[in-house]
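Okay, so here's the structure we're looking at.
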Amino acid sequence: LKCSAKNKMQDSKFLEKLLGLGRKIIPKKIFKAAQPFYHFILAILGALFNRFPSKKLFVIAVTGTKGKSTTTELINAILEAAGFKTALLNTIRFKISENSRPNKFKMTLPGRFFLQSFLRKAVDSGCTHAVIEMSSEAVPQFRHKFIYLDALIFTNLAPEHIESHGSYENYLRAKLEIAKILENTPKKNPVITVNVDDEEAAKFLKLNIKNKIQYSLTDAFNAHTDSDGSSFQVDKMIIRSPLPGEFNVMNMLGVITLSRFIKISDEVIKRGLESVEFIRGRMEKIEVGSPPAGGFDVVVDYAHTPESLRAAYETYGSTSSPRATKLICVLGNTGGGRDKWKRKEMAKIADEYCSRIILTNEDPYDEDPRSIVDEMKKEIKETPCDIIMDRRNAIFSALNKAATLRQAQGASNQHKIAVLITGKGTDPYIMGPNGSRLEWDDATVAREELKKLNKSDAGTA
């Protein structure tokens with residue numbers, strides 16, 4: 001434990017490779033039975049080699065199905081506004097103090113050695129607080145072990161990762177395991193913050209945790225939200241945020257509730273929340289110079305569950321008038337080999353809200369991407385729908401259709417027009433068969449294709 005950081009890193013990599021080699025040579029049946037021990041060994045070694053760094057930090061975790069990444073970004077913004085030096089680990093990025101880089105692991109919570117090393121670097125860099133997004137899929141591999149939490153926010157729960165967990169009940173159990181960290185934490189004043197509007201809230205509030213606080217959408221007064229942002233009031237504090245959607249109001253309420261508990265003033269909370277202009281890949285508006293043909297919104301969002309997709313569409317419409325905005329929707333094939341039940345549901349939601357649908361490739365893994373898309377198209381009964389398997393071409397087609405529609409409307413400006421590109425958000429790759437991957441970023445591609453469209457329009461003019 002007293003060896004140099006360089007030696008520790010080399011030793012930890014050697015041990016990880018050694019254990020990985022054991023995984024390859026041990027018969028599958030034996031290895032499967034020994035998996036809990038294997039994962040525990042990795043977890044304890046990662047913590048030991050890095051001297052249990054979470055004990056030296058005020059650690060805030062966020063778990064749930066939706067809103068985790070956004071919530072971690074909002075907490076980080078408030079902590080920074082309060083003057084704290086922070087570390088942040090989520091699906092979007094890894095940040096230690098002022099240094100930030102994208103998360104390209106295709107996983108929310110990376111492996112044990114990486115995570116513990118990240119926290120050790122945070123300590124060594126003088127950080128006092130760490131904010132971590134925690135996923136259920138980390139639990140079977142013990143990636144959550146030996147991370148000592150001070151606080152946890154539970155956002156919500158909806159069916160997801162059912163194939164990997166085996167059932168919704170197992171998925172819920174994994175989320176509860178994350179919360180149970182607070183039951184045995186050595187930290188002095190642990191707290192769980194629970195969204196009581198969620199059906200599973202009671203199970204989290206029953207846990208033996210010293211402090212249990214809750215939040216609800218009813219905490220927000222005079223709430224208003226649309227595609228341009230949100231405003232609401234909590235007690236005497238008025239928040240005006242560029243982040244759109246009722247779901248973002250909920251995310252902010254959870255953060256406000258926890259921030260007040262840890263003695264951050266409303267003035268700082270307001271300043272921190274209002275400083276967040278957008279979250280990468282979460283209802284992120286894409287703008288490149290002057291929008292083509294008079295202007296329309298282009299939005300990239302991670303929505304990959306039926307509930308998230310409906311919430312994204314409702315930001316531009318409503319249940320009473322879902323097609324109030326002309327939505328041109330780029331919808332992926334929701335990932336091969338997992339959560340297959342979502343496909344029909346998401347196609348039906350798109351059919352309800354969108355004016356035009358373009359079905360495209362997303363992360364097929366080892367499934368035939370075209371068969372997935374064909375399965376989804378069968379559920380689209382009312383809305384014109386194209387299949388364009390090349391995702392870049394699909395995005396350009398959507399932008400081109402929006403520009404054409406805007407030109408047809410002319411000066412009348414009859415409808416607001418928006419292109420919503422959903423499913424990947426900040427995902428760094430399109431995952432194909434046999435572990436193949438294509439580097440990708442929806443926002444970057446949308447900007448590139450929007451520039452092409454702008455040049456094309458300029459040339460035509």
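Between T225 and P244, the closest heavy-atom pair is OG1-C, 3.6 Å. In terms of heavy-atom proximity, M252 sits nearest to S230 at CE-CB, 4.5 Å. Contact between E362 and G332 at its shortest, heavy atoms only, is OE1-CA, 3.0 Å. Contact between A443 and E284 at its shortest, heavy atoms only, is CB-OE1, 4.0 Å. Among all heavy-atom pairs drawn from K212 and I209, the shortest one is CE-O, 3.6 Å. The two atoms that bring G245 and T315 nearest to each other are CA-OG1, 4.0 Å, heavy atoms only.
Using modelled atom types and a 3.5 Å distance limit, the side chains of N251 and N248 yield a donor-acceptor pair. The closest side-chain donor-acceptor pair between K68 and T108, if any, does not fall under 3.5 angstrom. Inspection of the T70 and R282 side chains reveals no N or O donor paired with an N or O acceptor under 3.5 Å. No donor-acceptor contact under 3.5 angstrom links the side chains of S135 and R143, judged on distance only.
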Carefully, step by step, assess L331 and T422 under the rule side chain to side chain contact (heavy atoms under 4.5 Å, CB included).
CA-CA 6 Å; L331 183 63; T422 58; 3.7 Å; yes
Checking salt bridge (charged side-chain N to carboxylate O under 4.0 Å, His left out) for the pair K180/E183: CA distance, chi angles, key distance, verdict?
CA-CA 5 Å; K180 286 178 182 177; E183 289 187 323; 5.6 Å; no
Start with the C-alpha distance between Y429 and E439, add both sets of side-chain angles, then the distance that settles side-chain hydrogen bond (donor to acceptor under 3.5 Å, both in side chains), and finish with yes or no.
CA-CA 4 Å; Y429 307 104; E439 284 200 23; 5.2 Å; no
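Ion pair R120/D124 flagged as a salt bridge, since at least one NZ, NE, NH1 or NH2 atom sits closer than 4.0 Å to an Asp/Glu carboxylate oxygen. Between E200 and R173 there is no salt bridge, since no side-chain nitrogen of the basic residue lies less than 4.0 Å from a carboxylate oxygen of the acidic one. A salt bridge links D427 to K106: one of the charged nitrogens lies within less than 4.0 Å of a carboxylate oxygen. For the pair E345 and K342, the salt-bridge criterion is not met [side-chain N within less than 4.0 Å of a carboxylate O]. Between E352 and R310 a salt bridge is recorded (basic side-chain N to carboxylate O distance below 4.0 Å). Between E277 and K285 there is no salt bridge, since no side-chain nitrogen of the basic residue lies less than 4.0 Å from a carboxylate oxygen of the acidic one. The residues R280 and D442 are annotated as not salt-bridged, no charged nitrogen and carboxylate oxygen being separated by less than 4.0 angstrom. A salt bridge is defined here as a Lys NZ or Arg NE, NH1 or NH2 lying under 4.0 Å from an Asp or Glu carboxylate O, and K236 with D266 fails to meet this definition. Contact check on D150 versus K188 returns no salt bridge, with no Lys/Arg side-chain nitrogen under 4.0 Å from an Asp/Glu carboxylate oxygen.
Taking the side chain as every heavy atom from C-beta outward, V62 and L152 never approach each other to under 4.5 Å. Using a 4.5 Å cut-off on side-chain heavy atoms (C-beta onward), V234 and I239 make no contact. N189 is listed as a side-chain neighbour of K210, based on a closest heavy-atom distance under 4.5 Å. L217 has its side chain within reach of L253: a pair of non-hydrogen atoms, C-beta onward, lies under 4.5 Å apart. Residues V299 and I286 are not in side-chain contact: their nearest non-hydrogen atoms beyond the backbone lie 4.5 Å or more apart. Side-chain contact between L57 and C127 is present, with at least one heavy-atom pair separated by less than 4.5 Å. When side chains are defined from C-beta on, K424 counts as touching W440, because their heavy atoms get closer than 4.5 Å. Counting heavy atoms from C-beta on, the side chains of Y313 and C354 come closer than 4.5 Å.
In this structure, R101 fails the cation-pi test against F94, since its NZ or CZ atom is not both closer than 6.0 Å to the six-membered ring centre and inside 45 degrees of the ring normal. Figure legend: cation-pi geometry between K187 and Y148 absent, as NZ or CZ is not positioned both under 6.0 Å from the six-membered ring centre and within 45° of its axis.
Side chain of N222 to main chain of F232: no donor-acceptor pair is present (N/O by atom type, distance under 3.5 Å, no hydrogens or angles). For the pair N211 (side chain) and V191 (backbone), a donor-acceptor distance under 3.5 Å is absent. Between the side chain of E73 and the main chain of I279, no donor-acceptor pair closer than 3.5 Å is present. Under the 3.5 Å distance criterion, the side-chain polar atoms of N103 are matched with a main-chain donor or acceptor of M107. Of the possible polar contacts, one joining the N90 side chain to the I92 backbone as a donor-acceptor pair under 3.5 Å is found. Judged by distance alone, the side chain of K95 and the main-chain N or O of T86 form a donor-acceptor pair under 3.5 Å. Put simply, the side chain of D301 gets close to the backbone of M283: a donor and an acceptor are under 3.5 Å apart. The closest donor-acceptor contact from the side chain of K145 to the backbone of F40 lies at 3.5 Å or more, if one exists at all. With hydrogens and angles ignored, the 3.5 Å screen pairs no side-chain donor or acceptor of N76 with any backbone N or O of V131. In this structure, D235 contributes its side chain and M237 its backbone to no donor-acceptor pair below 3.5 Å.
Under the 30°/60° scheme for interplanar angles, the aromatic rings of F142 and H144 are found to stand perpendicular. Taking the six-membered ring where tryptophan is involved, the planes of F84 and H129 are tilted, since the angle between them lies from 30° to 60°.
Note: M250 CE to Y215 OH = 5.0 Å, rounded to the nearest 0.5 Å.
The number of heavy-atom neighbours closer than 6.0 Å to CD of E246, taken from other residues, nucleotides and ligands shown, is 12 or below.
Between L258 and the choices I262, V255, I256, the side chain to side chain contact (heavy atoms under 4.5 Å, CB included) rule is met once, by I262. Exactly one residue among T72, T91, T63 makes a side chain to side chain donor-acceptor pair (under 3.5 Å) with E133. That residue is T91.
With ring centers used as reference points, F114 lies under 6.0 Å from F105.
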